[in-house]
There are 2 protein chains.
Amino acid sequence: MSARALPYRPHDHDACVSQAMADARAICQQHGARLTTTRERVLEIIWQSHKPLGAYDVLAKLASEGHSAAPPTVYRALDFLQQYGLVHRIASLNAFIGCAHAGELHTGMFLICRCCGNALELTTTSVSKAIHEAASTQAFRSESVILEVTGLCPNCQAEQPDE
Amino acid sequence: MSARALPYRPHDHDACVSQAMADARAICQQHGARLTTTRERVLEIIWQSHKPLGAYDVLAKLASEGHSAAPPTVYRALDFLQQYGLVHRIASLNAFIGCAHAGELHTGMFLICRCCGNALELTTTSVSKAIHEAASTQAFRSESVILEVTGLCPNCQAEQPDE
DNA sequence: CTGAATTTGCAACATTATAACATTCGCAGA
DNA sequence: TCTGCGAATGTTATAATGTTGCAAATTCAG
Ligand SMILES: [Zn+2]
Ligand SMILES: [Zn+2]
Ligand SMILES: [Zn+2]
Ligand SMILES: [Zn+2]
């Protein structure tokens with residue numbers, strides 16, 4: 001679980017993928033969960049980029065590889081992967097992305113570029129803290145947090161200076 | 001734009017609704033926007049409770065009143081209402097809720113009870129600040145924030161002590 | 001009144017997600 | 001090795017959510 005490259009910058013993405021797959025295998029092993037071929041392949045497809053990918057995009061990719069699957073196959077694999085914290089669902093996009101902090105207990109905050117489509121997952125203590133404190137002031141017991149920030153990543157700001 | 005009652009507690013909800021409708025009329029007037037019959041009725045339906053309501057639920061409600069509408073009617077009204085900050089979309093529920101801070105420039109944070117379904121909108125400066133600071137550390141220019149916390153509201157905690 | 005712009009009606013369609021049930025697979029114990 | 005059980009997958013159909021495109025109606029300024 002080492003530090004990850006910034007998705008926006010060119011980087012050795014194969015390293016991202018192999019790290020993620022290694023983490024996944026370790027986590028499943030550790031929990032006695034079965035990372036089957038389909039599940040593993042779905043995870044790899046999700047990790048093919050740092051852009052959140054729709055379930056039907058995953059399905060299409062599987063189909064293009066000759067694995068003719070139906071929606072439930074993909075959704076079930078995604079459910080499994082979410083359960084073990086290997087992927088996150090991005091509610092504002094109805095899409096899924098590989099977790100950059102698998103194995104660590106965390107609440108992801110996503111910075112999603114509306115221009116290039118890449119998403120960066122952060123875990124910022126000060127943010128989590130502020131959120132839980134705010135919930136506490138209402139005597140609300142928070143269980144899960146969805147935090148998705150849309151905007152422009154550094155690269156795309158440079159390309160379209162203002163608007 | 002006075003203070004609002006807590007949605008969880010019994011309260012004079014008619015007052016919530018009439019306040020919201022009055023705010024809506026004022027805001028539309030102020031912007032030269034037309035709060036037509038359909039739009040007004042959709043807003044009222046959304047405000048019928050503090051539980052986020054699906055677009056098709058609104059549609060059904062309209063239908064039950066004899067107004068036979070199709071999905072685009074509802075979605076268009078909702079788009080309009082969102083544009084003027086009168087309702088928010090809850091991405092994690094595919095549902096809509098009346099804005100409790102219409103007219104104020106704000107980013108809502110929602111506390112959604114998974115038990116009773118009520119949602120409370122907060123605007124907490126410390127949270128917004130932490131989020132924007134976190135985004136800044138990545139040189140990310142944030143434009144919109146979705147923050148939805150799911151958990152148990154005070155009432156429902158009392159009813160199901162632990163789990 | 002007239003014409004342009006906004007709003008609504010309507011039909012079809014696209015996308016995302018789930019239900020229900022049959023079949024196959026992996027693995028542990030006989 | 002065989003057998004049986006539970007987990008996983010395949011398959012079909014369907015539900016739920018959201019959109020496109022175009023025609024008709026409404027509103028409002030001039
Ligand atoms: Zn990468
Ligand atoms: Zn994560
Ligand atoms: Zn109320
Ligand atoms: Zn609001």
Side-chain angles (χ1 to χ4, degrees), chain A residues 24-25 27-29 31-46 51-63 65-84 86-97 112 117 146 148, chain B residues 24-25 27-29 31-46 51-84 86-97 117 146 148:
Chain A
R25 277 184 285 267
I27 288 165
C28 287
Q29 174 116 37
H31 290 81
R34 288 162 56 190
L35 187 61
T36 62
T37 314
T38 304
R39 290 166 175 173
E40 187 168 15
R41 189 62 199 119
V42 168
L43 183 57
E44 260 180 353
I45 290 171
I46 293 287
K51 303 185 210 298
L53 204 62
Y56 279 74
D57 296 328
V58 174
L59 194 59
K61 182 75 181 169
L62 281 175
E65 295 173 353
H67 181 309
S68 97
T73 300
V74 171
Y75 281 101
R76 284 194 285 230
L78 289 170
D79 284 347
F80 172 88
L81 295 169
Q82 283 182 89
Q83 194 179 326
Y84 288 96
L86 302 173
V87 307
H88 293 287
R89 186 178 131 88
I90 306 293
S92 57
L93 298 175
N94 295 329
F96 301 82
I97 191 167
I112 304 162
I146 290 179
E148 298 169 11
Chain B
R25 277 185 285 267
I27 287 166
C28 287
Q29 174 118 37
H31 290 81
R34 290 161 54 188
L35 188 60
T36 63
T37 314
T38 304
R39 290 167 177 171
E40 188 169 14
R41 189 64 199 119
V42 167
L43 182 58
E44 258 179 355
I45 290 171
I46 293 288
K51 303 185 211 300
L53 203 63
Y56 278 76
D57 296 328
V58 173
L59 194 57
K61 183 74 180 168
L62 281 175
S64 79
E65 295 173 354
H67 180 309
S68 98
T73 300
V74 172
Y75 281 103
R76 284 192 287 228
L78 290 170
D79 284 348
F80 172 90
L81 295 169
Q82 281 182 264
Q83 194 179 326
Y84 289 96
L86 302 173
V87 307
H88 293 286
R89 186 178 133 90
I90 306 293
S92 57
L93 299 175
N94 294 331
F96 300 82
I97 190 167
I146 291 178
E148 299 168 11

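Here is how names work: the chains are called A, B, and so on, in the same order as the sequence lines, proteins then strands, and each is numbered from 1. Predicted, not measured: the structure shown is a model, and the values here were computed from it.
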Quiz item: Below 4.0 angstrom from OP1 or OP2 of C:dA17, is there any side-chain N or O of A:Asn94?
Solution: yes

Self-check item: Under 4.0 angstrom between A:Arg76 side-chain N/O and D:dA7 OP1 or OP2
Solution: no

Rounded to whole Å, CG of B:Leu93 lies from P of C:dA17 at a distance of 14 Å

On DNA chain C, more 5' by nearest nucleotide between B:Pro72 and B:Thr37 is B:Thr37

Determine, step by step, whether B:Thr73 and B:Val42 satisfy the side-chain contact (heavy atoms from CB on, under 4.5 Å) criterion, reporting the C-alpha distance in whole Å, the side-chain angles of both residues, the deciding distance to 0.1 Å, and the verdict.
CA-CA 10 Å; B:Thr73 300; B:Val42 167; over 6 Å; no

Rounded to the nearest 0.5 Å, the CG atom of B:Leu43 sits from the CZ atom of B:Phe80 at a distance of 9.5 Å

In whole angstroms, the gap separating P of C:dT7 from OH of B:Tyr84 amounts to 8 Å

Exercise for the section: Please indicate yes or no: is the ring centre of A:Tyr56 less than 5.5 Å from the centre of the six-membered base ring of C:dT16, with the two planes inclined by under 30 degrees? Expected result: yes

Check your understanding: So, the side chain of A:Glu148 versus the backbone of A:Ile90: is there a donor-acceptor pair under 3.5 Å, distance only?
Key -> no

Taken to the nearest whole Å, CZ/A:Arg34 to P/D:dG6 is 14 Å

note: A:Asp57, atom CG; C:dA14, atom C1'; distance rounded to Å ~ 14 Å

Should B:Arg89 be listed as having a side-chain N or O under 4.0 Å from OP1 or OP2 of D:dG18? yes

Open item on the list: Using OP1 and OP2 only, check whether a side-chain N or O of B:Thr36 sits under 4.0 Å from C:dT8.
Closed with: yes

B:Arg39 CZ to C:dT6 P, in whole Å, measures 11 Å

Separation of D:dT19 atom C1' from B:Leu59 atom CG, nearest Å, is 14 Å

Of B:Ala33 and A:Phe96, the one whose nearest nucleotide on DNA chain C sits closer to the 5' end is B:Ala33

Across all chains, not counting sequence neighbours, the side-chain contact (heavy atoms from CB on, under 4.5 Å) partners of A:Lys51 are A:Ser49, A:Asn118

So does A:Leu62 get a backbone contact from the side chain of A:Arg41, meaning a donor-acceptor N/O pair under 3.5 Å?
no

| field | Phosphate OP1/OP2 of C:dG9: any B:Ser68 side-chain N/O under 4.0 Å | value | no

Here the distance between atom P of D:dT14 and atom OH of A:Tyr75, to the nearest Å, is 19 Å

Exercise. Do any side-chain nitrogens or oxygens of A:Thr73 fall under 4.0 Å of OP1 or OP2 in D:dT9?
Worked result: no

Atom CG of B:Asp79 and atom C1' of D:dT20 are separated, to the nearest Å, by 13 Å

